[in-house]
Amino acid sequence: MSVMRSIVLFAVAAVFEIGGAWLVWQGVREHRGWAWIGAGVIALGAYGFVATLQPDAHFGRILAAYGGVFVAGSLLWGMAVDGFRPDRFDVAGALVCLLGVAIIMYAPRSA
């Protein structure tokens, strides 16, 4: 599996997890109801499935790397959906996290 496919899987997983969490948030905190919560739970389940499609066989590595994707993706989601404007520290932190993702997932390793 190529690095590009892995990156796409991380992006899809981010949409499902962040979107699912946002739907639950909307259902509970914004009082939009059980349909929103249910849709969020389904999206969160889809995230769990997509994560299994990554090429690496180590659960801990995939989830650790995904944590960095989640940080950056959450800021992007907030910008796109909630009008959030990250400051320079948010951006710097997200870039550090994405560098961590690259090291964890794509650094050359001996077989």
Side-chain angles (χ1 to χ4, degrees):
M1 185 178 296
S2 71
V3 170
M4 185 54 70
R5 179 159 178 193
S6 175
I7 291 169
V8 168
L9 286 171
F10 275 129
V12 171
V15 168
F16 281 130
E17 186 182 17
I18 298 163
W22 182 82
L23 286 166
V24 171
W25 179 283
Q26 293 297 308
V28 175
R29 301 235 356 189
E30 303 299 328
H31 309 289
R32 295 200 175 177
W34 285 102
W36 287 69
I37 295 166
V41 168
I42 290 167
L44 289 165
Y47 149 73
F49 177 77
V50 170
T52 69
L53 302 176
Q54 283 288 347
D56 195 288
H58 298 94
F59 174 82
R61 181 175 293 146
I62 298 299
L63 270 287
Y66 178 70
V69 173
F70 181 83
V71 168
S74 295
L75 293 174
L76 290 172
W77 186 279
M79 290 171 59
V81 177
D82 286 329
F84 173 71
R85 296 293 169 245
D87 64 22
R88 63 186 173 161
F89 300 108
D90 295 323
V91 172
L95 291 173
V96 168
C97 289
L98 291 175
L99 176 60
V101 171
I103 293 168
I104 290 169
M105 286 300 296
Y106 311 118
R109 291 184 165 85
S110 59

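None of the values given here were measured: they were computed from a predicted structure.
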Please list all pairs passing the salt bridge (charged side-chain N to carboxylate O under 4.0 Å, His left out) test where one or both residues lie in residues 63-82, with sequence neighbours left out.
none
Give a yes or no on whether Val8 and Val15 share a hydrophobic cluster (residues Ile, Leu, Val, Met, Phe, Trp, Tyr; joining criterion: side-chain heavy atoms under 4.5 Å apart).
no
State plainly whether one hydrophobic cluster holds both Leu75 and Trp25, where clusters connect Ile, Leu, Val, Met, Phe, Trp and Tyr through side-chain heavy atoms under 4.5 angstrom apart.
no
Shortest non-hydrogen contact from Ala94 to Val71?
CA-CG1, 4.3 Å
Measuring only between side-chain heavy atoms, which start at C-beta, is Ile7 closer than 4.5 Å to Met105?
no
At their closest point, which heavy atom of Ser6 faces which heavy atom of Tyr106, and how far apart are they?
OG-OH, 2.7 Å
Between CZ on residue Arg29 and CH2 on residue Trp22, distance to nearest 0.5 Å
14.0 Å
Testing the basics here: between Trp77 and Gly19, what is the closest heavy-atom pair and its distance to 0.1 Å?
CH2-CA, 3.5 Å
Check whether any side-chain heavy atom of Tyr66 lies under 4.5 Å from a side-chain heavy atom of Val101, and answer yes or no.
no
Taking all non-hydrogen atoms of both residues, which atom of Ile18 and which atom of Ser74 are closest, and how far apart?
CD1-N, 3.4 Å
Side-chain heavy-atom pair Phe70, Cys97 within 4.5 angstrom cut-off:
no
Which pairs with one or both residues in residues 38-66 pass salt bridge (charged side-chain N to carboxylate O under 4.0 Å, His left out), sequence neighbours excluded?
Asp56-Arg61
Take atom CZ in Phe59; do more than 12 heavy atoms of anything else shown fall under 6.0 Å from it?
no
Distance col, row Gln54:CD vs Leu63:CG, nearest 0.5 angstrom, shows 10.0 Å
Can you hop from Phe16 to Val81 via hydrophobic side chains spaced under 4.5 Å?
yes
Is there a path of hydrophobic side-chain contacts, each under 4.5 Å between heavy atoms of I/L/V/M/F/W/Y residues, joining Val12 to Ile62?
yes
Would you mind writing out the side-chain donor-acceptor pairs for residues 34-53 within the sub-3.5 Å range, not counting sequence neighbours?
| unit_1 | atom_1 | unit_2 | atom_2 | d |
| --- | --- | --- | --- | --- |
| Thr52 | OG1 | Phe49 | O | 2.5 |

Hey, quick one: are Ile103 and Leu9 part of the same hydrophobic cluster, counting side-chain heavy atoms closer than 4.5 Å, chains of contacts allowed?
no
